[in-house]
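Here the structure comes first, spelled out in structure tokens, and everything after it is commentary.
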Amino acid sequence: MSMEGDRCDFCLEGRLRSRQVREYYRAGKGLVVMERVPAYVCEKCGERYYEAHVAKQMRQLAKRAPRVKARISFPLIRFQEKRALA
């Protein structure tokens, strides 16, 4: 059953369109980046929806993360709010 064209449950305004997305998935203390994940994306707010079998496969793939040989690195910046002096 396709969700193509359904109304977004999040913003209640946009319609869902089938796309392939890059997903950032938490796996334990780490982060796994998955590419070309099939999703339905709201054309208005960007909310993503996944079919149950896709979400299950993402969980299974994330569990294999320690054994994956492809790695990427990226800069990490910790945000620290500067407060104005009174």
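Along the sequence shown, residues carry numbers from 1.
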Subject >> Residues Tyr50, Val37; criterion side chain to side chain contact (heavy atoms under 4.5 Å, CB included); working and verdict >> reply: CA-CA 9 Å; Tyr50 302 97; Val37 178; 3.8 Å; yes
Identify every side-chain donor-acceptor pair in residues 6-18 under 3.5 Å, counting partners at least two apart or on other chains, and give the distances.
{"residue": "Arg7", "atom": "NH1", "partner": "Leu12", "partner atom": "O", "Å": "3.4"}
{"residue": "Glu13", "atom": "OE1", "partner": "Lys44", "partner atom": "NZ", "Å": "3.4"}
{"residue": "Arg15", "atom": "NH1", "partner": "Gly5", "partner atom": "O", "Å": "3.2"}
{"residue": "Arg17", "atom": "NE", "partner": "Glu43", "partner atom": "OE1", "Å": "3.3"}

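The same ILVMFWY cluster, assembled from side-chain heavy atoms under 4.5 Å apart, contains both Val32 and Leu61. In the hydrophobic clustering of ILVMFWY residues, with side-chain heavy atoms under 4.5 Å counting as a link, Tyr49 and Val41 come out apart. Clustering ILVMFWY residues whenever any of their side-chain heavy atoms sit less than 4.5 angstrom apart, transitively, puts Val54 in the very cluster that holds Met34. Cluster annotation: Val21 is connected to Met58 through the hydrophobic network of ILVMFWY side chains, with a link wherever side-chain heavy atoms come within less than 4.5 Å.
For Glu47, the CD atom is densely surrounded, since the number of other residues' heavy atoms within 6.0 Å is greater than 12.
One finds the CE atom of Met3 at 5.0 Å from the CD atom of Glu51 (value rounded to the nearest 0.5 Å). In this structure, CZ in Arg19 is found 11.5 Å from OH in Tyr40, a value given to the nearest 0.5 Å.
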